[in-house]
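Presented below is the structure to which this report refers.
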There are 2 protein chains.
Amino acid sequence: MSAVFTRLDKSGADSKSRRAVPNRPSVVSEAIKIMMTDKGMMPGDRLPQEPDLIRAFSASKGTIREALKMLETQGLIQTRTGPGGGAFITDIPTDHANALMSNYFFFKNLSIGDIYEIRQVLEPELAAELTKHLGEKEFAVLESTMVAYDHPPATIKEEQRQRIAELEFHERLAEFSANPLLAFMCGFLVSLLKDLAVCRRIYRNPNPELRERGYSYQGQLIEAMRAGDPEAARSIMKAHMVAARRLMAKQEAIVNRGFLSLNGKKRGA
Amino acid sequence: MSAVFTRLDKSGADSKSRRAVPNRPSVVSEAIKIMMTDKGMMPGDRLPQEPDLIRAFSASKGTIREALKMLETQGLIQTRTGPGGGAFITDIPTDHANALMSNYFFFKNLSIGDIYEIRQVLEPELAAELTKHLGEKEFAVLESTMVAYDHPPATIKEEQRQRIAELEFHERLAEFSANPLLAFMCGFLVSLLKDLAVCRRIYRNPNPELRERGYSYQGQLIEAMRAGDPEAARSIMKAHMVAARRLMAKQEAIVNRGFLSLNGKKRGA
DNA sequence: GTCGCCAATTTATTATGATAAATTTTGCCC
DNA sequence: GGGCAAAATTTATCATAATAAATTGGCGAC
């Protein structure tokens with residue numbers, strides 16, 4: 001197997017002819033990646049322990065630690081202490097990947113319009129794709145999410161909770177996708193909107209129309225998916241997105257978000 | 001400004017009630033992120049130097065170094081040695097973000113169909129969006145990319161170069177987008193296909209139909225964009241994607257990719 | 001015999017200090 | 001003034017030691 005991880009250290013295309021001399025931790029972390037792929041290691045497998053790595057790569061403890069920290073930051077490993085402990089290969093948590101991506105967009109000044117331009121085409125595709133393989137178990141999960149906003153909110157706090165729950169409906173949809181790319185992208189877009197909802201106060205003003213129409217659309221969507229009609233699901237979702245986009249456009253133009261934390265926690269504003 | 005970076009350390013939702021006790025480097029790196037946002041620092045600005053950080057956070061040299069290594073791995077900073085050196089805030093390079101994402105999908109077994117399912121909806125949207133704001137300068141860039149494959153390939157090597165150039169056409173398109181999300185997602189999908197082309201040998205067999213139809217579609221696309229007709233551009237791109245998807249589907253089912261390197265270099269197979 | 005607690009071992013984590021490498025700045029000489 | 005060389009500054013690496021965390025295994029009580 002010639003599979004290799006993607007290298008992440010300093011770019012080789014610098015201003016001067018400063019050749020890319022990756023520092024030692026980077027070299028070691030890349031070597032560990034190669035070791036992982038060459039041995040065909042899978043999530044759950046354990047890497048050699050620190051002293052062994054020190055010997056294997058002839059590097060100091062500090063260097064090995066920095067290399068492991070790089071892999072940990074990339075989400076590739078997690079470390080545990082105690083007997084039998086060490087660095088374990090992990091399937092990168094989606095939250096972690098979301099956080100990484102979110103950082104990338106920090107200086108890009110995303111607007112709500114940018115987000116909805118993509119959602120408007122991805123979510124309908126997702127709806128159509130899900131129709132092929134969703135079962136009653138999944139529909140039950142979706143419907144249980146919807147009960148949170150099947151009624152007008154009594155308080156401003158409930159209003160906020162309902163907005164989040166509405167977004168979680170879409171998060172669930174994404175998780176159910178058989179296409180990992182579609183799942184991640186749709187989930188990421190929702191996570192952008194959720195952070196928005198928490199960190200900023202876009203969803204502050206009451207917006208009964210958004211809730212009502214959202215609930216109605218989602219009901220129709222489940223119906224269409226139950227009926228096994230992908231094109232109906234697609235067009236319902238499309239209408240849902242177009243409507244949501246229009247309603248959201250009034251709220252705020254620029255999304256001034258913050259960096260997301262790599263451990264999944266959110267920081268209130 | 002209350003903007004905050006996304007945290008990336010160990011998850012708080014563990015099997016046991018093991019409360020999320022992030023280790024010191026994680027805490028410090030988060031604190032540095034907060035410092036960055038609180039001070040409204042921008043790419044190019046320099047962080048305090050190691051000794052100052054050691055004092056500021058009352059942590060050891062090793063801890064600070066690991067924290068900085070985390071930020072570097074996330075693409076948030078780069079460090080330089082020498083006088084006036086230190087850690088500098090960087091706009092995360094797209095290559096870096098691609099590599100990070102690519103790692104996420106390592107264990108997900110993406111298929112070509114997965115990639116094209118998304119391209120089929122995103123690329124048309126991109127085409128329509130570009131029509132609004134592309135000028136002659138951009139068209140010239142696109143056309144100069146196309147000359148690489150305006151003729152049948154003479155050798156197997158040229159065949160491969162042409163495939164890559166064809167993908168670079170789409171890469172350019174993505175770069176021109178005014179929507180950073182659209183730009184990244186389309187660029188990422190192409191980078192997946194490019195890695196495919198290099199690391200695996202999907203594009204090995206000659207496929208004259210793919211080149212010819214691709215060239216023709218792209219010519220029509222530029223024409224439509226020049227004419228300022230977004231819907232024409234959209235439908236041309238859609239047809240292009242549908243055709244490419246069909247042709248690619250025959251090639252290989254599963255994309256057995258490797259981890260990508262964080263410094264933008266590729267590793268041949 | 002089983003459950004729960006305590007101690008010992010293994011491991012990561014943090015800390016400190018010293019040396020090396022790299023780069024920029026400065027100053028000198030031509 | 002231009003170019004080369006030495007010096008100063010800063011990160012990078014290494015080495016060593018002490019501390020904290022977590023699991024295992026054994027011991028005792030029930």
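- Listed in residue order, the members of residues 46-56 of chain A having a heavy atom less than 4.0 Å from DNA chain D come to none.
- Not counting sequence neighbours, Asp45(B) has no partner by the salt bridge (Lys or Arg N to Asp or Glu O under 4.0 Å) test.
- The side chain of Thr81(B) approaches dT23(C) more closely than any other nucleotide in the set dT24(D), dT13(D), dT23(C).
- Considering only residues two or more places apart in sequence or on other chains, Arg119(A) meets the salt bridge (Lys or Arg N to Asp or Glu O under 4.0 Å) condition with Glu123(A).
- For Arg172(A), the side chain to side chain donor-acceptor pair (under 3.5 Å) test picks out Thr145(A), with sequence neighbours left out.
- Annotation for Arg46(A) and Met41(A): closest pair O-CE, 3.3 Å, computed over non-hydrogen atoms.
- Of the two residues near DNA chain D, Lys69(B) and Gly84(B), the one whose nearest nucleotide lies more 5' is Gly84(B).
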Close N/O contacts between protein and nucleotides 15-17 of chain C (under 3.5 Å):
unit_1, atom_1, unit_2, atom_2, d
dA15(C), OP2, Ser60(B), N, 3.0
dA15(C), OP2, Thr63(B), OG1, 3.3

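- Across the protein-nucleic acid pair, Met70(A) atom CE and dA12(D) atom C1' stand 14 Å apart, rounded to whole Å.
- Put simply, CZ on Arg80(A) is 13 Å from P on dT11(C), counting in whole angstrom units.
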Please output the side-chain donor-acceptor pairs of residues 81-91 of chain A that fall under 3.5 Å, not counting sequence neighbours, one pair per line with the distance.
unit_1, atom_1, unit_2, atom_2, d
Thr90(A), OG1, Gly75(A), O, 2.8
Thr90(A), OG1, Leu76(A), O, 3.4
Asp91(A), OD1, Lys108(B), NZ, 3.4

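- The nearest whole Å value for the distance from the CZ atom in Arg65(A) to the C1' atom in dT16(D) is 15 Å.
- Under 4.0 Å is where a charged nitrogen must lie from a carboxylate oxygen, and between Glu66(A) and Lys69(A) no such pair does.
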Tabulate below the donor-acceptor pairs under 3.5 Å that side-chain atoms of residues 173-187 of chain A make, not counting sequence neighbours, or state none.
unit_1, atom_1, unit_2, atom_2, d
Ser177(A), OG, Glu129(A), OE1, 2.9
Ser177(A), OG, Asn179(A), N, 3.0
Ser177(A), OG, Asn179(A), O, 3.3
Asn179(A), OD1, Leu181(A), N, 2.9
Asn179(A), OD1, Leu182(A), N, 3.4
Asn179(A), ND2, Asp114(B), O, 3.0
Asn179(A), ND2, Glu117(B), OE1, 2.8

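- Between Thr79(A) and the phosphate of dT13(C), there is a side-chain N or O to OP1/OP2 separation shorter than 4.0 Å.
- Ile64(A) places its CD1 atom 14 Å from the C1' atom of dA12(D), with the value rounded to the nearest Å.
- Judged as a salt bridge (Lys or Arg N to Asp or Glu O under 4.0 Å), and not counting sequence neighbours, Glu158(A) has no contacts.
- Atom CD of Gln78(A) is separated from atom P of dA22(D) by 14 Å (rounded to the nearest Å).
- The separation between Leu68(A) atom CG and dT11(C) atom P is 15 Å, rounded to whole Å.
- Shown here are the salt bridge (Lys or Arg N to Asp or Glu O under 4.0 Å) partners of Glu171(B), two or more places apart in sequence or in another chain: Lys194(B).
- Closest approach to the Asn23(A) side chain among dT10(C), dA12(D), dA12(C) is made by dA12(D) (side chain taken as heavy atoms from C-beta onward).
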